[in-house]
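Side-chain atoms are counted along with the backbone in the values below, which use heavy atoms only and exclude waters and symmetry mates. Since this is a predicted model, take the numbers as computed values, not measurements. Residue numbers start at 1 and run along the sequence shown.
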Amino acid sequence: MQRYKYNSTLRNNFLIGIEAARELMIEVGLEEGFTSNNTIIISQFIDQMLNQLEEITSTN
């Protein structure tokens, strides 16, 4: 039971972080272009977070 609560909280925190990074990526993309280095870095960070979220979800 405790592990489920931990995974659920961790999953929710990842989702919040992913959404915040996604909003930032869109903002930077609109300002600098969607192929700018900063936009790509943020996109790669989101990909990493999504991969970690998948690991957390699959262990649940």
Inter-residue atom distance [X].[atom1] - [Y].[atom2], 0.5 Å rounding:
X   : Y   : atom1 : atom2 : result
L10 : E55 : CG    : CD    : 11.0 Å
D47 : Q52 : CG    : CD    : 11.5 Å
R22 : I42 : CZ    : CD1   : 12.5 Å

Report task. Spell out, as yes or no, whether a donor-acceptor pair under 3.5 Å connects the side chain of T39 to the backbone of E32. Result -> no

Query - Expected output: side-chain S58 to main-chain E54 donor-acceptor under 3.5 Å - result: yes

Requested in this report: Show your working on side-chain contact (heavy atoms from CB on, under 4.5 Å) between M49 and L53 and close with a plain yes or no.
Outcome: CA-CA 6 Å; M49 290 182 69; L53 177 62; over 6 Å; no

Query raised in the report: Per the side-chain contact (heavy atoms from CB on, under 4.5 Å) rule, which among I56, L50, T9 passes with F14?
Result: I56

**Report entry** Result of checking M25, E19, E27 against E23 for side-chain contact (heavy atoms from CB on, under 4.5 Å)
**Finding:** E19

Requested in this report: Kindly work out whether a path of hydrophobic side-chain contacts (I/L/V/M/F/W/Y, heavy atoms less than 4.5 Å apart) joins I46 to L15.
Outcome: yes

Query - Nearest atoms (heavy-atom pairs only) where V28 meets S36 - result: CG1-OG, 4.4 Å

